[in-house]
Amino acid sequence: MMDRLSLRYFFREIVPNSVQNVRSEDPEANLAESQEFLSSMEDKKTTGFTDFEGKTSFGMSVFNLGNAIMGSGILGLSYAMANTGVVLFLVLLTVVAVLSSYSIHLLLKSSGIVGIRAYEQLGQRAFGTPGKMAAGIAITLQNIGAMSSYLYIVKYEFPLVIQAFLGVDNPSGEWYLNGNYLVIMVSISVILPLALMKQLGYLGYTSGFSLTCMVFFLISVIYKKFHTPCPFMDFAFNSTASVTAVTNDTVYNQACVPKMVNLNSQTAYTIPILAFAFVCHPEVLPIYTELKNPTKQRMQHVSNISIVVMYTMYFLAALFGYLTFYGEVESELLHTYSRLDPYDTLILCVRLAVLTAVTLTVPIVLFPVRRAIQQLFFPNKTFYWPRHIAIAVTLLTLINMLVIFAPNILGIFGIIGATSAPCLIFIFPAVFYIRIVPEEEEPMRSTPKILAACFAGIGFLFMVMSLSFILIDWTSGSSKASSGH
Ligand SMILES: NC(=O)CC[C@H](N)C(=O)O
């Protein structure tokens, strides 16, 4: 048994500041609590979290977080680059990646103080029930939006892939070429079983596979750049427009020279597209909960590795996609490849790879929504299989119905994405942090809190900006890039 002195020493040296802080008011009570805490630490070998003892390895956690980051967002990046130019795009991409990592730091530090690694609990600690509701609702809306965008890809791309591989030239209502049936089949046979897993950690393997598919996508995009003439020949017009362009030097030069900095009416969409591409914040804390030997540094390390790898892949995909089509690139990169040749085998494989990748991302993105629903409606309840299954089935049914019956709702998601993404990345982590970290540890005027306040301000600015652009777009009737995915 440790004596009082060595216990104090132990606390100063080993236990994170945050834990010391919450336990610092009454020394006697502290000691009793500390002993209890210490013995629980000896038993469970945790670092102050009472919620769960994780078993997922570092590598698997990187795969899971990488998979959570990488989604349909990647398909809109070339378009974003076409509207910003290479250099400005790189600057903005770097800014969003760094801000994203900083925001994870805020979340991790706050959760270390609260002791429970759930976004909703941070909201609860900071603002009581309204805070918890706000976090839960933002996560639910954002992730349902993301999952629907993934299933849209399945609905519209999968039939084309099957049709081309089976060589059906004139489809006449075959059931296996009907996107709606395919969405339901994929949901039941692939997504549901994965979504029923008790823990996220089990999805590490599928996440690894999903990322492999995206690597294949990236390699193909790079390969295509070097095997596509510029200006490219549009399959639909069977080359006439482009041939005239080749003969005309000025047109050629204009069309096939990358712009370093470009500003136009679509430039404003870059921020929402980039912000969406880096959203992974609802998944960070669930992944942290399951991490083996969880410490803030270790989880920050997992996040930074995932962000750096995705940052590199995002940049390369955007760059080579842009260098293939230049100003002709559409808001969804895969559509642009169809203009080259819809039956090109490589492009069909790429579509299949992207389809697989986003399908395997759905269960990861569904996890935090189920957790949010559990936190909002069944707090303090222990794990219960029927509830776990019922929520997953209900959510998947809802998303399937949205994708099948209300495909026009994508515009609404533009609005949701423009509000919930800045909330989840910027505003909530910052304001929760400011409220949760005790004033004795960091006074209101300390640098970290002022930084956090500026961060919330940036988020608010992004939100207002994105919303105004969407509204302007709607009123002027051209919704070319309403969501970019
Ligand atoms: N939870 C999410 O919204 C994930 C979105 C993801 N970053 C994407 O690019 O698709």
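Numbering of ligands and ligand atoms starts at 1, following listing order. Note that the structure is predicted; figures quoted are calculated from it, not measured. Keep in mind that the numbers below use all heavy atoms, side chains included, and drop hydrogens, waters and symmetry copies.
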Original post:
Quick one: are the ring centres of His388 and Phe383 less than 6.0 Å apart?
Top reply: yes
**OP:** Show which atoms of ligand 1 fall inside a sub-4.0 Å distance from at least one heavy-atom site of Gly73.
**Re:** 8 (C), 9 (O), 10 (O)
**OP:** Report yes or no: does His281 have a heavy atom closer than 4.0 Å to ligand 1?
**Re:** no
Original post:
So, is Ala277 polar-close to ligand 1, with some N/O to N/O distance under 3.5 Å?
Top reply: yes
**OP:** Tell me whether the guanidinium CZ or amine NZ of Arg370 lies under 6.0 angstrom from the six-membered ring centre of Phe367 and within 45° of its axis.
**Re:** yes
Original post:
Side chain or backbone of Ile74 under 4.0 Å from ligand 1, or both, or neither, by non-hydrogen atoms?
Top reply: neither
Subject >> Distance-only side-chain donor-acceptor flag, Thr361 / Asn67, under 3.5 Å >> reply: yes
Original post:
Which bit of Ala68 gets closer than 4.0 Å to ligand 1, counting heavy atoms only: side chain, backbone, both or neither?
Top reply: backbone
**OP:** Check each heavy atom of Asn143 against ligand 1 and say whether those closer than 4.0 Å belong to the side chain, the backbone, both or neither.
**Re:** side chain
**OP:** Please work out which of the three classes, parallel, tilted or perpendicular, describes the rings of Phe455 and Tyr102, given edges at 30° and 60°.
**Re:** perpendicular
Subject >> Ligand-residue contact atoms, ligand 1 with Gly71, heavy atoms, under 4.0 Å >> reply: 8 (C), 9 (O), 10 (O)
**OP:** Could you tell me the residue and atom name of the protein heavy atom closest to atom 7 (N) of ligand 1, and the distance to it rounded to 0.1 Å?
**Re:** Ile69 O, 2.6 Å
Subject >> Identity and separation of the nearest protein heavy atom to atom 3 (O) of ligand 1 >> reply: Gln142 NE2, 2.8 Å
Original post:
Are any of the heavy atoms in Cys280 under 4.0 Å away from ligand 1?
Top reply: no
Subject >> Euclidean distance, Leu108 CG relative to Tyr433 OH, rounded to 0.5 Å >> reply: 11.5 Å
Original post:
How are the rings of Tyr269 and Phe469 set to each other: parallel, tilted or perpendicular (split at 30° and 60°)?
Top reply: tilted
Original post:
Heavy-atom contacts under 4.0 Å between Tyr150 and ligand 1: side chain, backbone, both, or neither?
Top reply: side chain
Original post:
What atoms in ligand 1 come closer than 4.0 Å to a heavy atom of Ala146?
Top reply: 2 (C), 3 (O)
**OP:** Give a yes or no on whether the ring-centroid distance for Tyr337 and Phe325 is below 6.0 angstrom.
**Re:** yes
Original post:
Do the side-chain N and O atoms of Ser61 and Asn64 include a donor-acceptor pair separated by under 3.5 angstrom?
Top reply: no
